[in-house]
Amino acid sequence: QLVESGGGLVQPGGSLRLSCSGSSYSFNYYAIGWFRQAPGKEREALFCIESSDGVTSYSDSVKGRFAIIRDIAKNAAYLQMNNLKTEDTGVYYCAAEVGDYCSKGDDMDYWGKGTLVTVST
């Protein structure tokens with residue numbers, strides 16, 4: 001099971017760090033992705049990190065502000081979000097793909113239930 005945490009209410013310009021943990025998964029053997037779904041919009045892929053720590057970025061809207069990080073020792077992955085904007089509001093999901101590489105886009109093998117991020121004054 002993948003579990004996201006760290007969401008909440010933050011003001012524009014603020015930062016949050018989302019965490020993804022997997023009690024049943026060894027992150028050594030999975031590619032990990034972060035996705036989000038804004039209200040009324042379709043799910044959007046943000047990043048995927050491979051076992052080699054190679055990162056695939058999918059979204060220009062978060063470029064330079066967000067980053068994906070993986071900590072094998074803690075069996076966790078993180079989404080560092082800086083300079084948040086109101087349009088970043090949404091439910092953020094982590095997902096896992098079996099294998100070393102990010103090859104499935106948003107057709108990942110396992111998904112968490114998401115954590116809500118609200119950017120508002």
Side-chain angles (χ1 to χ4, degrees):
Q1 181 182 4
L2 293 172
V3 179
E4 303 93 339
S5 62
L9 175 64
V10 62
Q11 292 187 344
S15 296
L16 279 177
R17 189 175 199 181
L18 305 183
S19 299
C20 173
S21 61
S23 59
S24 301
Y25 306 89
S26 173
F27 280 19
N28 269 332
Y29 304 112
Y30 294 85
I32 305 297
W34 280 101
F35 301 77
R36 71 181 179 187
Q37 188 165 19
K41 295 188 177 181
E42 294 194 355
R43 188 172 61 203
E44 175 188 19
L46 300 178
F47 297 99
C48 184
I49 187 165
E50 300 180 338
S51 61
S52 64
D53 285 339
V55 174
T56 300
S57 300
Y58 296 110
S59 175
D60 287 340
S61 65
V62 304
K63 190 173 293 184
R65 299 188 297 121
F66 291 13
I68 187 170
I69 304 159
R70 186 173 62 167
D71 188 334
I72 294 299
K74 295 183 178 180
N75 206 42
Y78 307 95
L79 183 67
Q80 179 66 42
M81 306 188 296
N82 299 325
N83 190 22
L84 282 158
K85 304 177 180 181
T86 55
E87 53 263 43
D88 295 319
T89 293
V91 179
Y92 284 72
Y93 300 90
C94 72
E97 174 181 347
V98 176
D100 295 329
Y101 304 106
C102 301
S103 65
K104 294 188 174 183
D106 65 354
D107 189 22
M108 303 289 272
D109 296 311
Y110 304 99
W111 291 85
K113 294 183 178 181
T115 185
L116 177 63
V117 172
T118 303
V119 185
S120 175
T121 57

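Because the structure is predicted, anything quoted here is derived from the model rather than measured. Quick note: numbers below take in every heavy atom, side chains included, and nothing from hydrogens, waters or symmetry partners.
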Quick check: closest heavy atoms across [X] and [Y], and the distance to 0.1 Å?
X	Y	result
Pro12	Thr121	CD-CG2, 3.8 Å
Leu84	Leu16	CD1-N, 3.9 Å
Leu79	Tyr92	CD2-CD2, 3.7 Å
Phe47	Val55	CD2-CG1, 3.9 Å
Tyr30	Val98	CE2-CG2, 3.6 Å
Ile32	Met108	C-CE, 4.3 Å

Taking atom CZ of Arg43 and atom CZ of Arg36, what is their separation to the nearest 0.5 Å? 13.5 Å
Straight-line distance of Ile68 CD1 to Tyr78 OH, nearest 0.5 Å: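 So the gap between those two atoms works out to 12.0 Å.
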Flag the pair Lys63 and Asp60 as a salt bridge only when some basic side-chain nitrogen lies within less than 4.0 angstrom of an acidic carboxylate oxygen. yes
Can you find a pair of side-chain heavy atoms, one from Asp100 and one from Ser52, that are under 4.5 Å apart?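 No, too far: nothing below the 4.5 Å cut-off.
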Any side-chain heavy-atom pair of Ile69 and Gln80 under 4.5 Å: yes
Phe66 ring center within less than 6.0 Å of Trp34 ring center: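 Between Trp34 and Phe66, the centre distance exceeds or equals 6.0 Å.
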Do [X] and [Y] land in one hydrophobic cluster if side-chain heavy atoms of ILVMFWY residues count as linked below 4.5 Å?
X	Y	value
Leu46	Val3	no
Tyr93	Leu116	yes
Val62	Phe35	no

Under the 3.5 angstrom rule, does the side chain of Glu4 hit a backbone N or O of Lys113 as a donor-acceptor pair? yes
Whether Asn75 side chain and Phe27 backbone form a donor-acceptor pair below 3.5 Å: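 Flag set: sc Asn75 to bb Phe27 pair under 3.5 Å.
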Under 3.5 Å side-chain donor-acceptor pair for Ser59 and Ser61: yes
Met81 and side-chain contact (heavy atoms from CB on, under 4.5 Å): which partner among Val119, Val10, Val117? Val117
Does any pair with a residue in residues 3-49 pass disulfide (SG to SG under 2.5 Å), and if so which ones, sequence neighbours excluded?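 Listed by first then second residue: Cys20-Cys94, Cys48-Cys102.
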Of all residues at least two apart in sequence or in a different chain, which pass the side-chain hydrogen bond (donor to acceptor under 3.5 Å, both in side chains) check with Asp53?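 Asp53 satisfies side-chain hydrogen bond (donor to acceptor under 3.5 Å, both in side chains) with Arg70 only.
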